[in-house]
Amino acid sequence: QVQLVESGGGLVQAGGSLRLSCAASRVTFSMYHMGWFRPGPGKEREFVALISRTGSNTSYADSVKGRFTISRDNAKNTVTLQMNSLKPEDTAVYYCAATSAVALITTITRYNYWGQGTQVTVSS
């Protein structure tokens with residue numbers, strides 16, 4: 001199994017920044033595409049940002065494009081979400097997840113492992 005632990009959440013003012021980190025338990029971390037997710041309007045989890053095994057490909061939800069940046073360090077078994085220009089609508093629990101799928105995917109059921117989440121709150 002791969003254990004995922006998120007950190008870095010907190011309370012910030014609109015326009016501020018946070019940096020979320022996700023630490024994985026295995027050296028085989030590099031065989032997984034990684035993603036960050038948060039609940040959507042119906043509370044179902046929706047993708048925020050995705051990154052491929054090597055970090056060469058990324059994908060972002062339109063709502064965060066230009067503000068959030070996903071990155072990974074396979075030597076340290078970590079994936080990071082840098083969040084800038086935060087808005088109140090970004091308030092959510094953010095989850096880190098890993099998938100063994102061949103291609104980058106947004107379907108949450110194809111993600112094999114999930115962290116417990118970290119709370120991000122953005123005040124007006």
Side-chain angles (χ1 to χ4, degrees):
Q1 291 187 331
V2 176
Q3 298 280 84
L4 302 175
V5 180
E6 302 97 334
S7 62
L11 173 65
V12 297
Q13 296 286 326
S17 298
L18 283 174
R19 187 177 180 88
L20 306 183
S21 294
C22 175
S25 63
R26 293 178 61 88
V27 177
T28 51
F29 171 75
S30 61
M31 74 171 60
Y32 299 96
H33 303 309
M34 301 293 297
W36 287 96
F37 297 79
R38 69 188 184 190
K43 296 189 177 181
E44 73 282 3
R45 295 181 188 180
E46 298 179 342
F47 99 97
V48 175
L50 308 175
I51 189 165
S52 62
R53 296 181 181 96
T54 64
S56 60
N57 295 103
T58 58
S59 182
Y60 297 92
D62 287 343
S63 60
V64 307
K65 196 170 297 181
R67 299 188 296 120
F68 291 10
T69 302
I70 189 170
S71 61
R72 69 190 296 162
D73 186 339
N74 288 346
K76 297 181 178 179
N77 289 0
T78 58
V79 60
T80 299
L81 186 68
Q82 178 66 47
M83 305 185 295
N84 298 326
S85 301
L86 283 162
K87 304 174 181 180
E89 50 261 46
D90 294 319
T91 295
V93 176
Y94 284 72
Y95 298 89
C96 175
T99 179
S100 58
V102 173
L104 285 178
I105 56 171
T106 61
T107 307
I108 63 170
T109 56
R110 292 290 290 114
Y111 280 76
N112 308 81
Y113 304 101
W114 292 85
Q116 290 298 113
T118 185
Q119 176 70 51
V120 171
T121 303
V122 184
S123 62
S124 300

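Here Phe29 contributes atom CZ and Thr78 contributes atom OG1; the two are 6.0 Å apart, rounded to the nearest 0.5 Å. Taking CD of Glu6 as the reference point, atom CD of Gln119 lies at 12.0 Å (rounded to 0.5 Å). With values rounded to the nearest 0.5 angstrom, Asp73 atom CG is found 11.5 Å from Ser30 atom OG. Rounding to the nearest 0.5 angstrom, the gap separating the OH atom in Tyr94 from the CG atom in Leu81 is 7.5 Å. Between the CE atom in Met34 and the CD1 atom in Ile51 there is a gap of 9.5 Å [rounded to 0.5 Å]. Distance check: Asn77 CG to Gln3 CD gives 13.0 Å after rounding to the nearest 0.5 Å.
Grouping Ile, Leu, Val, Met, Phe, Trp and Tyr by side-chain contacts under 4.5 Å, direct or through others, leaves Val102 on its own.
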Indicate every side-chain donor-acceptor pair of residues 104-113 with a distance under 3.5 Å to a residue at least two apart or in another chain.
{"from": "Tyr111", "atom 1": "OH", "to": "Ile105", "atom 2": "O", "distance (Å)": "2.7"}
{"from": "Asn112", "atom 1": "OD1", "to": "Ser100", "atom 2": "N", "distance (Å)": "2.8"}
{"from": "Asn112", "atom 1": "OD1", "to": "Ser100", "atom 2": "OG", "distance (Å)": "3.3"}

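The salt bridge (charged side-chain N to carboxylate O under 4.0 Å, His left out) contacts involving residues 32-52 comprise Arg38-Asp90, where partners must be two or more places apart or lie in separate chains. Sorted by first then second residue, the side chain to side chain donor-acceptor pair (under 3.5 Å) pairs that include residues 10-22, not counting sequence neighbours, are Gln13-Ser123, Ser17-Asn84, Arg19-Gln82. Among residue pairs with one or both ends in residues 45-90, none qualify as ring-ring contact (aromatic ring centres under 6.0 Å, His included); sequence neighbours excluded.
Distance alone, capped at 3.5 Å, places no donor-acceptor pair between the Arg72 side chain and the Gly55 backbone.
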Q.
Applying side-chain contact (heavy atoms from CB on, under 4.5 Å) to Ile70 and Leu50, what does each step give before you reach the verdict?
A. CA-CA 7 Å; Ile70 189 170; Leu50 308 175; 5.6 Å; no
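The shortest non-hydrogen separation linking Ala24 to Leu4 is CB-CD2, 3.7 Å. Closest non-hydrogen pair, Val122 versus Thr91, comes out as N-OG1, 2.9 Å. Counting all heavy atoms, side chain and backbone alike, Tyr95 lies closest to Gly115 at CD2-O, 3.6 Å. When all heavy atoms of Val79 and Cys96 are compared, the pair lying nearest together is CG1-SG, 3.7 Å.
Here Thr54 pairs with Ser52, Ser56 under the side-chain contact (heavy atoms from CB on, under 4.5 Å) rule; sequence neighbours left out.
Criterion: ILVMFWY side-chain heavy atoms under 4.5 Å apart, direct or through other members. Under it, Phe37 and Val2 are not part of a common hydrophobic cluster.
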